[in-house]
2 protein chains.
Amino acid sequence: MLDREYDNQVCSIARSLEVVGERWSLLIIRNVGLGMNRFEPLRENLGITRSVLTTRLGTLIEYGILEKRQYSEKPPRFEYHLTAKGRDLSPVLLQLMWWGDEYYPEPGGPPTIAVHRTCGGDLDHHMVCRKCGESVEPDRVYMKPGPGRNKQDLPKIPA
Amino acid sequence: MLDREYDNQVCSIARSLEVVGERWSLLIIRNVGLGMNRFEPLRENLGITRSVLTTRLGTLIEYGILEKRQYSEKPPRFEYHLTAKGRDLSPVLLQLMWWGDEYYPEPGGPPTIAVHRTCGGDLDHHMVCRKCGESVEPDRVYMKPGPGRNKQDLPKIPA
DNA sequence: AGGGTCAGTCGCATGAACGAACTGACCGGG
DNA sequence: CCCGGTCAGTTCGTTCATGCGACTGACCCT
């Protein structure tokens, strides 16, 4: 990057990390983005304590990254969904994903691939679609399982 | 991103976060990338404990993100530098920066701007150079202070 | 000899996370 | 009607990571 002088903590990265830098936050955001919207599945998948999940969901809601929706009245049950602000974190998650794939690859290939929603091509690490060449905006991306994914879980994605 | 089913923790993001997800790690990487290569300046800038900085530097070295170089023999003194693996985290840092600028802007504008080293143009959030249109690789990027930067600190960068 | 810097280590107090149990509102079956 | 089960939490005790401050040791300068 640079090899020059440097100054103060007026830093956008530090501000971002205050919001999403806590343990579990980015993984929660990722899972919610993939459609895992309820408490118990999140808890089980992440292997996280209920209390920690409760507080993380709470702070992410405070920050406007998630919103809580009630989907059942009689037993009060809730779902968590990404806001636009939360969805805009997908480039961060994608870059983390690509870095991980580069330096800690799964033997069988990447477990997850980013796909351009409108044309179905997959993305390179500049978020340019390899098929149509378009520079893809965060909300036009979805994820699909790649070759490194576990055995029998191949949820067919409606292309 | 997606609103579909989801599976297991075979996740590149989780793997990445195990390496760089600890408190302070990304900020240390950012500062080292900006040329802050020594212990005491890092400590002072981050407002971090010496012991925590020591252990963070240690694990980042273990992970191959930083390397330690001795620059003085007689009083043994060291510098920390990014490896290629560490430099490849810059897209992650850039995306975090842009997200922070978007949702937590500095009143005077962004404090830091990403610049294409070879032509001097600045980058959009696809890492495409606004001047020459090239899709810029991580190691061709440097940072320069933007309008939101603190008063008197304007290190002139050799373009 | 005395003060200052740099790069740490050590010890103690506080705070966050983990594990496991408990709650409370429901549902479905026998 | 009682029993077991799910879902979304809360509470509690223990461990682990951080923060704060002091101390060390090797120098350097005056």
Side-chain angles (χ1 to χ4, degrees), chain A residues 5-6 9 11 13-14 17-32 34-63 65-82, chain B residues 5-6 9 11 13-14 17-32 34-63 65-82:
Chain A
E5 209 197 320
Y6 161 88
Q9 210 59 350
C11 171
I13 296 173
L17 286 175
E18 263 180 52
V19 180
V20 297
E22 285 174 309
R23 210 142 137 62
W24 301 115
S25 293
L26 282 171
L27 289 177
I28 291 170
I29 292 164
R30 158 184 174 276
N31 282 9
V32 171
L34 287 166
M36 185 176 282
N37 299 306
R38 299 182 183 182
F39 190 93
E40 205 50 35
L42 283 168
R43 208 225 92 233
E44 198 189 352
N45 172 272
L46 296 171
I48 187 183
T49 326
R50 289 174 215 280
S51 62
V52 174
L53 180 55
T54 304
T55 62
R56 278 300 165 281
L57 290 171
T59 62
L60 289 173
I61 288 166
E62 268 182 50
Y63 286 134
I65 289 169
L66 297 181
E67 56 177 3
K68 191 173 188 170
R69 293 183 200 158
Q70 188 154 16
Y71 71 92
S72 156
E73 186 77 27
K74 290 306 315 164
R77 292 296 141 81
F78 304 95
E79 283 184 342
Y80 300 90
H81 290 267
L82 290 182
Chain B
E5 210 198 318
Y6 162 88
Q9 210 59 350
C11 172
I13 296 172
L17 287 175
E18 262 179 55
V19 179
V20 296
E22 285 174 309
R23 208 141 137 63
W24 301 116
S25 294
L26 282 172
L27 290 176
I28 290 170
I29 292 164
R30 159 183 174 277
N31 283 9
V32 172
L34 287 167
M36 185 176 285
N37 298 308
R38 299 182 184 182
F39 190 94
E40 205 49 35
L42 283 167
R43 209 225 91 235
E44 198 189 351
N45 172 273
L46 295 171
I48 188 182
T49 325
R50 288 175 217 278
S51 62
V52 174
L53 180 56
T54 305
T55 62
R56 279 298 166 281
L57 291 171
T59 63
L60 289 173
I61 289 166
E62 268 181 50
Y63 285 134
I65 289 169
L66 296 182
E67 56 177 3
K68 191 171 186 170
R69 292 185 201 156
Q70 188 153 17
Y71 70 92
S72 155
E73 187 78 28
K74 291 306 316 164
R77 291 294 141 82
F78 305 95
E79 283 183 341
Y80 300 91
H81 290 267
L82 290 181

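Quick note on labels: first sequence line is chain A, next is B, and so on, each numbered from 1.
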Exercise. CE of B:M36 versus C1' of C:dC6: gap in Å, rounded?
Worked result: 15 Å
For this session: Flag the pair B:E40 and B:R77 as a salt bridge only when some basic side-chain nitrogen lies within less than 4.0 angstrom of an acidic carboxylate oxygen.
Result: no
For this session: With rounding to the nearest 0.5 Å, note down the distance linking CD in A:E18 to OH in A:Y63.
Result: 6.5 Å
Exercise. Over how many whole Å does the gap from B:Q70 atom CD to C:dG8 atom C1' extend?
Worked result: 14 Å
Problem set entry | Short side-chain N/O contact to C:dA16 OP1/OP2 from A:W24, under 4.0 Å | no
Exercise. Among side-chain atoms of A:Y71 and A:R38, is any donor-acceptor pair under 3.5 angstrom?
Worked result: yes
Exercise. Within the distance-only criterion (no hydrogens, no angle test), does the side chain of B:S25 pair as donor or acceptor with the backbone N or O of B:G21 below 3.5 angstrom?
Worked result: no
Problem set entry | Contact nearer the 5' end of DNA chain C, comparing A:E22 with B:P41 | B:P41
Exercise. Is it true that a side-chain atom of A:R56 and a backbone atom of A:R23 form a donor plus acceptor pair closer than 3.5 Å?
Worked result: yes
Exercise. Just how far, in rounded Å, is C1' of C:dA7 from CD1 of B:I61?
Worked result: 13 Å
Exercise. Can you check side-chain contact (heavy atoms from CB on, under 4.5 Å) on B:L57 and B:F39, steps first, answer last?
Worked result: CA-CA 9 Å; B:L57 291 171; B:F39 190 94; 3.9 Å; yes
For this session: Have a look at A:V32 and tell me which of A:I65, A:N37, A:L60 forms a side chain to side chain contact (heavy atoms under 4.5 Å, CB included) with it.
Result: A:N37
Problem set entry | N/O (side chain, A:Y71) to phosphate O (OP1/OP2, D:dC7) under 4.0 Å | no
For this session: Calculate the interatomic distance between B:L53 atom CG and C:dC6 atom C1'; express it in whole Å.
Result: 12 Å
For this session: Please state how far atom CG in A:N37 lies from atom P in D:dC7, giving the value in whole angstrom units.
Result: 14 Å
Problem set entry | Separation of C:dA17 C1' from B:L17 CG (nearest whole Å) | 17 Å
Exercise. Is the backbone N or O of A:A14 less than 3.5 Å from a side-chain atom of B:R30, with the two atoms forming a donor-acceptor pair by type?
Worked result: no
Exercise. Once you round it to whole Å, what is the distance between P of C:dA16 and CD1 of A:I48?
Worked result: 15 Å
For this session: Take the protein atom CD of B:E44 and the nucleotide atom P of C:dG4, then report the distance between them rounded to whole Å.
Result: 16 Å
For nucleotides 9-11 of chain D, print each protein N/O atom paired with a nucleotide N/O atom at under 3.5 Å, atom names and distance only.
{"from": "D:dG9", "atom 1": "OP1", "to": "A:K68", "atom 2": "NZ", "distance (Å)": "3.2"}
{"from": "D:dG9", "atom 1": "OP2", "to": "A:Y80", "atom 2": "OH", "distance (Å)": "2.6"}
{"from": "D:dG9", "atom 1": "O6", "to": "A:R50", "atom 2": "NE", "distance (Å)": "3.2"}

For this session: Report which part of the nucleic acid B:R23 touches: base, sugar-phosphate, or nothing (heavy-atom distance under 4.0 Å, all strands).
Result: sugar-phosphate
Exercise. If you draw the axis of the six-membered ring of A:F78, does the NZ or CZ of A:K68 fall within 45° of it and under 6.0 Å from the ring centre?
Worked result: yes
Distances under 3.5 Å only, N/O to N/O: pair up the protein atoms with those of nucleotides 27-30 of chain D.
{"from": "D:dC27", "atom 1": "OP1", "to": "B:K74", "atom 2": "O", "distance (Å)": "2.4"}
{"from": "D:dC27", "atom 1": "OP1", "to": "B:K74", "atom 2": "NZ", "distance (Å)": "3.3"}

